[in-house]
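Read through the structure below, which is laid out as structure tokens, and then see the notes.
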Amino acid sequence: MCGIIGFSGSTDAKNIILDGLKRLEYRGYDSAGIALQNGNVINMVKTSGKVDNLVAMADADTKLAGNCGIGHTRWATHGVPSDVNAHPHMSADGKFAIVHNGIIENHAEIKNKLIQKGVKFLSETDTEVIVQLLDYYYDGDIKKTLVKTTSMLEGSYALGVLCVDNPGTIYAAKVSSPLIIGIGAGENYFASDITAFISHTKNVIDLEDGEFAEISADKITIFDHNFKEIKKEERKITWDVAAAEKSGYEHFMLKEIMEQPAALKATIEPRIKDNKVNFDELNIDIKKYDRILMTACGSAYYAGCVGRDVIEKLCRIHVHTEVASELRYRDPMIDEKTLVIVISQSGETADTIAAIKEAKNKGADVMAIVNVVGSAIAKLADFTIYTWAGPEIAVATTKGYTTQVIVLYMFAVWAAYKLGRIDEKQLLELTKDIKRLPERAQRTLDLNTKVKKLADKYHEKQSIFFIGRYLDYAVCLEGSLKLKEISYIHSEAYAAGELKHGTIALIEEGRLVVAVCCYEPLLDKIISNVQQVKARGAQVLALAVEGNKKIFTEADDVLLVPKANELFMAAVEIIPLQLFAYYVAKNNKCDIDKPKNLAKSVTVE
Ligand code: AGP
């Protein structure tokens with residue numbers, strides 16, 4: 001959940017690292033730090049708070065100079081956010097400085113052993129054991145010491161190391177946490193993710209688990225634990241630096257909401273051949289499975305709930321959904337006839353990775369729907385479908401979610417055809433309906449000004465309910481999560497028919513209920529739920545499909561979205577809910593792109 005960066009070149013490393021940390025800040029933002037090597041000295045500045053605090057301190061520190069260094073932005077796991085717990089961590093003799101993303105599970109055991117040998121610890125972090133081990137084992141050979149140290153560690157790490165005896169060189173190692181190496185001209189980088197150095201280079205090497213890197217300004221050597229050099233393929237990042245910048249928008253979230261039509265198009269088009277959805281390249285024998293288990297976390301899970309309903313409807317195969325953080329504790333009924341579909345924007349989510357391992361142990365095939373190319377989840381799965389959303393920086397996912405939903409629609413249609421549940425004519429028609437969705441999403445964005453006004457009206461509400469039925473209910477789950485995570489307003493999503501079984505007790509004068517009424521076959525049902533809450537004093541903001549006149553007599557406010565195939569409305573109707581959450585949060589002066597207590601990639605359990 002933290003972001004790390006390393007740089008070696010011939011220019012001053014300070015600004016490059018600080019700029020990289022700002023770009024990585026979405027990964028964690030409770031403290032930050034930087035260490036630069038200047039000849040045989042390592043100087044370090046670190047502080048609690050956001051990267052801007054660090055920038056101010058680093059700018060004022062004249063000793064902080066050098067062409068080589070490491071940086072870190074933290075999401076606290078072990079030890080409160082504080083100056084002393086911030087990374088880098090340095091050995092007492094000043095010989096080593098390290099940054100770490102991950103969790104060292106056996107840190108307590110290592111710490112106890114080192115304390116018995118007289119080593120003094122300063123912080124409460126799990127990370128500090130790494131730097132103390134390096135110092136303890138060091139015999140003048142950093143590579144040997146690094147291999148020995150990491151062999152003692154259990155858990156996950158992406159590690160960056162400076163050693164005073166090796167000026168101009170940064171070292172990296174990784175197990176189960178992301179680390180990518182950037183190849184520049186006369187300068188090289190490592191980072192948790194490409195956004196950190198995309199403005200400098202698009203040429204990268206993916207470091208794999210168990211590999212080590214020795215990086216100087218003009219040389220990168222990758223080696224294994226036997227010090228055997230490993231030849232690595234270079235890869236070129238296809239997206240542009242602007243994709244990871246705000247480009248005039250006040251927040252990444254708004255930019256990413258607006259990018260959805262393009263992201264949907266980019267995700268749909270490569271999967272259409274002869275006007276038909278086509279996933280043949282996956283080489284999945286879909287007839288082999290008698291059930292599908294969909295698992296993911298947060299918004300990705302809610303995308304899975306939409307996918308469950310559409311796959312079941314079109315394919316007539318049983319689909320079960322389960323949050324990935326629970327899956328492994330249930331001894332789930334999974335076998336080789338189960339296709340497990342995992343969904344993840346980042347491709348790094350620890351709970352989702354654990355669910356994949358559980359599924360594989362039980363003999364299932366795993367298909368991953370992932371946005372980040374080459375991520376851990378993409379590599380672990382048997383089949384991978386990428387959502388071509390481009391980089392998503394705001395912690396609250398928007399285009400990540402809608403592209404996941406689109407992939408699930410396409411997979412449902414393709415699988416239904418392969419299973420003989422729909423004929424070629426239906427395949428062509430459903431493909432056409434999917435191809436229309438980017439345009440529908442674009443028209444939905446025209447609601448921007450209207451949604452903003454509604455957010456002005458309702459932003460002071462203490463609690464907001466979202467109700468819907470069937471597919472609309474799945475969208476309510478996501479709409480409610482969006483509002484909670486960025487505006488901190490209490491919110492619940494309910495299957496509208498469930499209200500009368502308890503929750504309606506919470507409906508009182510002035511309570512805002514957002515009623516999603518887009519699945520038209522159930523319109524009368526949801527309208528009767530709207531009447532029930534109105535009768536108890538609620539204010540109702542309804543979301544309905546263009547052409548729906550009835551809703552105006554029932555709701556206080558109405559947002560009409562363009563009509564699409566009723567099975568595929570989620571990708572459209574979520575957009576006003578994203579905008580609503582955004583403008584409510586903006587009215588309430590929340591830190592929209594970096595909501596409190598959250599981080600973009602959740603790499604801890
Ligand atoms: C979404 O807005 C959240 N920040 C969060 O629920 C997220 O969707 C979840 O943590 C899963 O992340 P992933 O898609 O990267 O696996």
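Residues: numbered from 1 along the sequence shown. All values derive from a computational prediction rather than experimental measurement. Just so you know, ligand 1 is whichever comes first in the structure, and atom 1 is the first atom listed for that ligand.
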Handout entry: Pair His459 and Tyr583, ring centroids less than 6.0 Å apart
Key = no
Handout entry: Pair Ser491, Ser480: side-chain N/O donor-acceptor within cut-off below 3.5 Å
Key = yes
Practice task
State whether a side-chain donor-acceptor pair under 3.5 Å links Asp365 with Tyr289.
Solution key: yes
Practice task
For Asn283, enumerate each residue passing the side chain to side chain donor-acceptor pair (under 3.5 Å) test, keeping only those at least two apart in sequence or located in another chain.
Solution key: none
Fill in the blank from the handout: For ligand 1, protein residues within the heavy-atom limit of under 4.0 Å are Cys297, Gly298, Ser299, Ala300, Ser344, Gln345, Ser346, Thr349, Val395, Ala396, Thr397, Leu481, Lys482, Glu485, Val602
Exercise for the section: Name all pairs fulfilling the salt bridge (charged side-chain N to carboxylate O under 4.0 Å, His left out) condition that reach into residues 585-599, sequence neighbours left out, sorted by first residue then second. Expected result: Glu25-Lys594, Lys50-Asp591, Glu250-Lys586
Practice task
Taking ring pair (Phe, Tyr, Trp, His ring centres under 6.0 Å) as the test, write out the residues that go with Tyr189, two or more places apart.
Solution key: Phe7, Phe197, His200
